[in-house]
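In each ligand, atom 1 is the first atom listed, and ligand 1 is the first ligand listed. The figures that follow rest on heavy atoms only: side chains count, while hydrogens, waters and symmetry mates do not. The first residue in the sequence is number 1, and the count goes up from there.
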Amino acid sequence: MISLGIEGTAHTLGIGIIDSKKILADVRKIYTPAAGIHPREAAQFLSENFKKAIDSALKESNLNFKDIDLISFSQGPGLGPCLRTTATGARALSLHYKIPILGVNHCVAHIEIGKFLGKLNDPLILYVSGGNTQILKLKDFRYRIFGETLDIGIGNMLDKFGRETGLRHPAGPKIENLAEKGKNYIELPYVVKGTDLSFSGILTSAVNKFKSSKFSLEDLCYSIQETSFSMLTEVTERALAHLKAGEVLLTGGVGNNKRLQEMLRKMCREHKVKFFTPNKYCSDNGVMVALLGLLMYESGVRQKIEDTVVKQRFRTDNVEILW
Ligand code: AMP
Ligand code: MG
């Protein structure tokens, strides 16, 4: 069964094509604004690139629409204008070519691609992206949230710090590079409540420290990473101890960060637990959407066009996991 997935919840237009469990195409077009993401401009970017991206993915896989058995798209969570643009494109293709359509949860897609590539069974999941920061584990047919941010997502904190300090969006990778040159740890608010976290205090404090001109940007980047990643590692370790998982999966865009991977890998080694991160598939992509759509379709999930309305606040634990 050949599944085409369309990702477009925010900054990335991703088109993925998979044949059962084989990746045939992975096309990504990324909107990189000077400052933060402007929802309407991001949506404009998605619509301008939609046809080009679909054509490239078909070319990459040597297929055309008559070969496609299923069209899936990210139904939420995400930015309203982006979600509506992506859903409109997916519906148009489905109706025109008479191919079944499925709207999928973006966060669950991030999890499933990690489980698939890592051949994981039942991992504890640390999902860290721009808007989301969650610790999850499958229980009674749902990815239950055992801990999450109480305010902003960690990626959002990094990107906002970048905006205040002149780093182009997305700031996460730039902060990672600058942090390698940092030498002095500057204390920042470390806020962990059980398995929940808060990042807005780090942002305010780091921005104020930057504006005071008393600290170097490199030292601040280093300190932001050490503080926030220690918080993530602490809550993951706490959840691991309670839930007794045998595997840890790191997924979502911030999962690309080598320092975060290093901290988690070390913690997992101490607990004799397998650690996995899907590397380039941590970031938003269409392959994860194609995969989740396929898993849902094979478990008997079907949707009509009227079921494909976007869900801006679609929670990870709203989805029944039937596979
Ligand atoms: P996603 O929406 O899942 O693609 O995640 C996007 C977020 O990941 C943005 O906030 C980026 O700044 C962040 N990000 C991407 N690469 C890195 C990195 N190497 N280190 C830290 N954050 C990153
Ligand atoms: Mg994402």
Side-chain angles (χ1 to χ4, degrees), residues 5-14 16 26 28-37 39 42 45-46 73-79 82-83 86 104-114 125-134 136 149 152-165 167-180 182 199 202-203 206 220-229 231-233 249-264 277-289 291-292 312 314-316:
I6 308 171
E7 162 57 31
T9 54
H11 46 77
T12 298
L13 173 64
D26 175 17
R28 305 182 198 191
K29 307 245 178 241
I30 303 171
Y31 159 74
T32 52
I37 298 179
F45 172 89
L46 299 179
F73 71 98
S74 282
Q75 199 171 8
L79 304 172
C82 299
L83 292 174
T86 306
V104 314
N105 181 293
H106 173 88
C107 312
V108 175
H110 270 296
I111 297 172
E112 294 299 342
I113 190 74
I125 302 135
L126 176 62
Y127 167 42
V128 278
S129 67
N132 299 284
T133 304
Q134 297 178 329
L136 311 118
T149 179
I152 54 177
I154 179 156
N156 206 226
M157 181 271 285
L158 298 171
D159 295 338
K160 281 187 170 153
F161 178 74
R163 188 164 72 194
E164 296 293 328
T165 55
L167 306 173
R168 216 184 150 82
H169 186 93
K174 285 137 208 153
I175 291 174
E176 177 171 19
N177 289 337
L178 289 166
E180 280 170 24
F199 296 107
I202 299 181
L203 176 63
L220 281 169
C221 290
Y222 168 70
S223 307
I224 287 173
Q225 285 204 165
E226 292 305 300
T227 308
S228 59
F229 296 170
M231 287 162 50
L232 290 172
T233 308
L249 167 65
L250 169 66
T251 192
V254 184
N256 285 298
N257 191 290
K258 296 281 174 287
R259 178 63 181 135
L260 175 60
Q261 293 178 6
E262 184 187 356
M263 282 193 194
L264 288 163
T277 186
N279 293 314
K280 74 169 185 165
Y281 291 98
C282 274
S283 300
D284 288 356
N285 64 86
V287 173
M288 65 183 196
V289 177
L291 175 70
L292 176 55
Q312 215 171 322
F314 198 176
R315 297 250 319 166
T316 319

- [ ] Verify side chain to side chain contact (heavy atoms under 4.5 Å, CB included) between Leu167 and Leu178, making sure each step is shown before the conclusion.
- [x] CA-CA 11 Å; Leu167 306 173; Leu178 289 166; 3.8 Å; yes
TODO: Calculate the angle formed at the Mg ion (ligand 2) by NE2 in His110 and NE2 in His106; 10° precision is enough.
DONE: 90°
Task: SB check Glu180 Arg259 (cutoff 4.0 Å) - done: no
Open item on the list: Rounded at 0.5 Å granularity, tell me how far CD1 in Ile154 sits from CG in Leu232.
Closed with: 4.5 Å
TODO: Please determine if the Mg ion (ligand 2) has an N/O/S atom from Cys107 lying under 2.8 Å away.
DONE: no
Open item on the list: Can you tell me if, anywhere in Asp284, an N/O/S atom lies at a distance from the Mg ion (ligand 2) that is smaller than 2.8 Å?
Closed with: yes
- [ ] Check whether any side-chain heavy atom of His110 lies under 4.5 Å from a side-chain heavy atom of Met288, and answer yes or no.
- [x] yes
Task: Contact residues of ligand 1, where a non-hydrogen atom lies under 4.0 Å away - done: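 Ligand 1 is contacted, at a heavy-atom distance under 4.0 Å, by His11, His110, Ser129, Gly130, Gly155, Leu158, Asp159, Pro170, Ala171, Gly172, Pro173, Glu176, Gly252, Gly253, Val254, Asn256, Asn257, Ser283, Asp284.
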Open item on the list: For Gly253, is there any backbone N or O sitting under 3.5 Å from a side-chain donor or acceptor partner on Asn256?
Closed with: yes
Open item on the list: Checking the side chain of Arg28 only, and the main-chain atoms of Thr12 only, is there a donor and an acceptor separated by less than 3.5 Å?
Closed with: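 Not at all, since once roles are kept as given, no pair shorter than 3.5 Å links the two residues.
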Task: Which residues share a salt bridge (charged side-chain N to carboxylate O under 4.0 Å, His left out) with Arg315, sequence neighbours left out - done: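 By the salt bridge (charged side-chain N to carboxylate O under 4.0 Å, His left out) rule, Arg315 matches Glu148, Asp317.
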